[in-house]
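Take a look at the structure set out below.
Computed from a predicted model, the values in this text were never measured in an experiment. We number each residue from 1, following the sequence as shown.
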Amino acid sequence: FARNLKERIQNVQKEHREKKKVVIALFSNGGGMLYAELCKILVEESEERKEQGEVQVHGIIADSAPGSFTLKAGASFLWETFRHPVLRMLLVLLSPVLLMLACCHYLLCGHWLSSRNPTRVYFEKWLAYSRLRNTHAHAHACTDTNRATGKGDGGETSSIRKLPFLFLYSQSDTLIDFRAVELMQSQQKEAGSRVIAHTWVNSAHVQHLRTDREGYIQAVRGFLEGM
């Protein structure tokens, strides 16, 4: 799926000679994992070529993502996914079996706080491309400024800008812990990205547009215009 997404971005960039900016809007951890795999591909290709690849992402809109991969998050996902009373009854009956399988997984693969923590690996893929993109942006900014003045940092003169993020999330989301989203925000800032966040208090998972259509559209429009 990630390679298909990469090919679609390439096709868009080839079709538009004026080089349209590519912004990816992703929803929940499904979209987050797809973006993480895309980041992995772009970073690997860049390392092989020793330069930034042809495919460039210019902005990320993350709706209800990313979330942590924990036992609690998994249980919440199953409970919220299977809403029918019969399915939930079966889920309760099967919970001891699921817990036993989870324990076996921990014993075989290590606990969630190990160096191979799935959440950490997931987050690192996001951050790897951000660091790559922001490094190239800084390098081009310095080159542009040196050509013009012979000195200075000149971050605003570069044709390549640091990767911006818009996080749309809710403090009452039962599937994605908002603290995981805020952790990613702080990590992206440390990586040099421009981060904008819009938070709701009483909005359900990926239901922010329905909850506050005007506020949602205004946040997205402001983000796009700021690019």
Going from [atom1] on [X] to [atom2] on [Y], what distance comes out if it is rounded to the nearest 0.5 angstrom?
| X | Y | atom1 | atom2 | result |
| --- | --- | --- | --- | --- |
| R213 | Y216 | CZ | OH | 10.5 Å |
| L90 | L94 | CG | CG | 6.0 Å |
| L183 | F178 | CG | CZ | 12.0 Å |
| S193 | I60 | OG | CD1 | 9.5 Å |
| F165 | Q188 | CZ | CD | 3.5 Å |
| S130 | M184 | OG | CE | 7.5 Å |

For the residue pair [X] and [Y], what are the closest heavy atoms and their distance?
| X | Y | value |
| --- | --- | --- |
| K125 | A36 | CB-O, 3.6 Å |
| A65 | S28 | CB-O, 3.3 Å |
| F223 | G59 | CZ-CA, 4.4 Å |
| W126 | G32 | NE1-O, 3.2 Å |
| P66 | Y122 | CB-OH, 3.5 Å |

With the 4.5 Å side-chain cut-off for hydrophobic clustering, are [X] and [Y] part of the same group?
| X | Y | result |
| --- | --- | --- |
| I61 | I24 | no |
| V181 | M33 | yes |
| L168 | V195 | no |
| L26 | L127 | yes |
| I176 | F27 | no |

- Could you go step by step and tell me if R131 and E124 meet the salt bridge (charged side-chain N to carboxylate O under 4.0 Å, His left out) rule? CA-CA 10 Å; R131 294 190 185 106; E124 276 298 320; 3.4 Å; yes
- Query: ring-ring contact (aromatic ring centres under 6.0 Å, His included) with H205: which residues, sequence neighbours excluded?
  - Reply: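 Result, ring-ring contact (aromatic ring centres under 6.0 Å, His included) vs H205: none returned.
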- For Y169, all residues meeting ring-ring contact (aromatic ring centres under 6.0 Å, His included), sequence neighbours excluded: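 By the ring-ring contact (aromatic ring centres under 6.0 Å, His included) rule, Y169 matches no residue at all.
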Taking side chain as C-beta onward, heavy atoms only, is [X] less than 4.5 Å from [Y]?
| X | Y | answer |
| --- | --- | --- |
| N29 | L175 | no |
| L34 | L38 | no |
| N4 | E7 | yes |

- How far apart are the C-alpha atoms of D173 and S64, what are their side-chain angles, what is the distance that settles it, and do they pass the side chain to side chain contact (heavy atoms under 4.5 Å, CB included) test? CA-CA 8 Å; D173 193 327; S64 305; 3.8 Å; yes
- Item | Residue Q171 excluded, over 12 heavy atoms near CD under 6.0 Å | yes
- Task: Indicate whether any N or O donor in one side chain lies under 3.5 Å from an N or O acceptor in the other, for S203 and D212.
- Result: no
- Note on the structure: Those residues at least two apart in sequence (or on a different chain) that pass salt bridge (Lys or Arg N to Asp or Glu O under 4.0 Å) with R194 are none
Return yes if some donor-acceptor pair links the side-chain N/O of [X] with the main-chain N/O of [Y] below 3.5 Å, else return no.
| X | Y | answer |
| --- | --- | --- |
| Y129 | V57 | yes |
| S172 | V201 | yes |
| N134 | L163 | yes |

- In sequence, state the C-alpha distance, the side-chain angles, and the governing distance for M227 and H58, and then conclude on side chain to side chain contact (heavy atoms under 4.5 Å, CB included). CA-CA 8 Å; M227 293 178 58; H58 298 85; 3.8 Å; yes
- Test L166 against L224 for side chain to side chain contact (heavy atoms under 4.5 Å, CB included), laying out the working first. CA-CA 9 Å; L166 171 62; L224 296 176; over 6 Å; no
- Verify side chain to side chain contact (heavy atoms under 4.5 Å, CB included) between F167 and D63, making sure each step is shown before the conclusion. CA-CA 6 Å; F167 290 93; D63 186 321; over 6 Å; no
